[in-house]
Amino acid sequence: MRLFLLTFLWLLPAWAQGGGEYLLGRVLALEVERGLAQVEVGGRVEWAQLPADGGGFRPGERVVLYREGGRLYVTEPDRLPWMGLLLGLFALLATFLGRGKGVRGLMGTFLSLLVVVYWVVPSVAAGGNPLLYAFLGSVGVLLFTIYLVHGVNRKTTAALLGTLLSVAFVLFLALLFTRAMAFTGLASEEALLLRQWGGMDLVSLFLAGVVVGALGALTDVTVTQAAVVQALSHANPRFGLGELYRRGMEVGYDHIGSLVNTLVLAYAAGSLPLFLLLTKDPTPLRFLLNTEPFAAEIASMVLGSLGLLLAVPLTTLVAAWTFQRGKGGPGEGHGHAH
């Protein structure tokens with residue numbers, strides 16, 4: 001959800017107004033006492049205003065500058081070269097370790113980002129319902145990428161159906177509990193800023209974040225579980241629906257056990273700033289947890305976790321029905337998209 005919000009906040013000002021101008025430059029010298037930095041920008045040497053705390057900049061560092069009203073401000077270090085190096089390392093390892101599927105996975109990820117940045121976010125910024133466009137965009141990308149990465153076969157189709165059924169449950173529960181807890185969508189600084197710009201259904205934006213976040217994590221779970229059922233069916237083609245489901249869930253229970261631990265740690269790590277507030281805020285814990293920022297974070301964590309947990313039995317059932325009595329043939333799961 002936070003990535004969706006940050007993408008929205010990044011693009012919205014560009015559509016709303018021209019504003020100032022962003023530039024790249026290099027710090028030549030610092031005068032922290034005066035709050036100024038001498039920078040080289042566009043072949044010229046100028047003075048730029050430093051952030052209130054000095055920003056921790058150092059001579060020789062490449063920085064992002066912002067010019068507005070004839071004044072120049074130092075805003076951020078230029079992080080993109082390091083970010084590009086990190087992404088390049090990720091792409092290299094994904095290609096080397098994942099081979100064909102790694103390459104197709106990278107293509108799917110790139111497509112997903114393109115859809116979010118150039119279709120979902122502009123549609124929402126133009127007044128569209130965030131939940132509708134985020135859901136349509138995510139499902140559309142999922143339909144393409146899951147077949148691109150894992151091939152067009154019964155296993156992939158079973159995983160896709162399990163994913164969509166799980167998302168439907170998550171969406172239903174999210175709608176129910178969001179209404180019951182009277183969420184306003186104002187659970188973060190980003191949402192407060194969006195409210196100032198106006199014209200945004202923040203509750204739908206919150207729901208969109210829950211659904212999109214669940215979709216991204218569900219695919220891995222459902223494909224793995226469908227592959228387990230497929231392997232069982234190929235090992236003994238006489239297994240019927242009930243036997244395949246029972247044996248598939250023997251692995252699924254282990255999957256669920258590990259998921260619960262992994263999910264709690266993953267969400268807890270992302271919520272560390274909120275947890276730190278618990279130690280600083282004098283408000284009694286009972287009432288602090290009742291505030292929307294805490295309640296919304298907990299709701300997102302539990303709803304996403306419920307989606308992943310439900311995905312295991314749902315996908316196992318769909319896959320058992322798909323592969324019962326040896327349907328699909330032993331070589332089908334190794335096909336790939338062309």
Side-chain angles (χ1 to χ4, degrees), residues 1-12 116 120-139 163-218 259-260 263-311:
M1 178 183 181
R2 287 173 181 168
L3 179 59
F4 181 80
L5 275 173
L6 289 173
T7 304
F8 189 90
L9 289 167
W10 170 55
L11 292 176
L12 187 57
V116 170
V120 175
V121 174
S123 299
V124 174
N129 184 282
L131 178 58
L132 174 64
Y133 282 100
F135 183 75
L136 289 178
S138 299
V139 170
T163 300
L164 294 178
L165 286 172
S166 303
V167 167
F169 272 108
V170 170
L171 180 56
F172 170 74
L173 291 173
L175 288 167
L176 178 66
F177 283 94
T178 298
R179 184 173 299 174
M181 289 189 278
F183 282 167
T184 63
L186 298 172
S188 64
E189 293 181 4
E190 296 94 337
L192 291 170
L193 185 56
L194 284 174
R195 185 178 69 168
Q196 293 177 9
W197 281 328
M200 182 61 54
D201 184 350
L202 296 177
V203 175
S204 292
L205 190 63
F206 169 76
L207 291 170
V210 173
V211 171
V212 173
L215 269 173
L218 281 170
L259 276 175
V260 170
L263 287 170
V264 170
L265 290 177
Y267 278 109
S271 304
L272 279 177
L274 279 178
F275 291 147
L276 285 172
L277 285 176
L278 288 172
T279 65
K280 303 294 183 182
D281 198 302
T283 307
L285 181 61
R286 161 69 176 82
F287 299 102
L288 191 61
L289 292 177
N290 190 68
T291 60
E292 187 163 345
F294 283 98
E297 195 74 21
I298 293 170
S300 297
M301 176 183 71
V302 176
L303 286 167
S305 302
L306 278 171
L308 286 169
L309 297 181
L310 286 168

Validation row: Ser300, Phe206 side chains within 4.5 angstrom (heavy atoms): yes
Residues in side-chain contact (heavy atoms from CB on, under 4.5 Å) with Ala299, at least two apart? Met181, Phe183
Rounded distance (nearest 0.5 Å) linking atom CG of Leu136 with atom CG of Leu131: 9.0 Å
Identify the two heavy atoms, one from Pro130 and one from Ala208, that lie closest to each other, and give their separation to 0.1 Å. O-CB, 3.7 Å
Non-neighbouring partners of Asn290 that pass side-chain contact (heavy atoms from CB on, under 4.5 Å), sequence neighbours left out: Arg286
Please list, chain by chain and in numerical order, all residues satisfying ring pair (Phe, Tyr, Trp, His ring centres under 6.0 Å) with Tyr133, sequence neighbours excluded. Trp119
If you round to the nearest 0.5 Å, how far is CG of Leu207 from OG1 of Thr178? 4.5 Å
Show which side-chain atoms of residues 163-171 pair as donor or acceptor with protein atoms under 3.5 Å away, not counting sequence neighbours.
from	atom 1	to	atom 2	distance (Å)
Thr163	OG1	Ala159	O	2.8
Thr163	OG1	Thr222	OG1	2.9
Ser166	OG	Gly162	O	2.8
Ser166	OG	Ala311	N	3.4

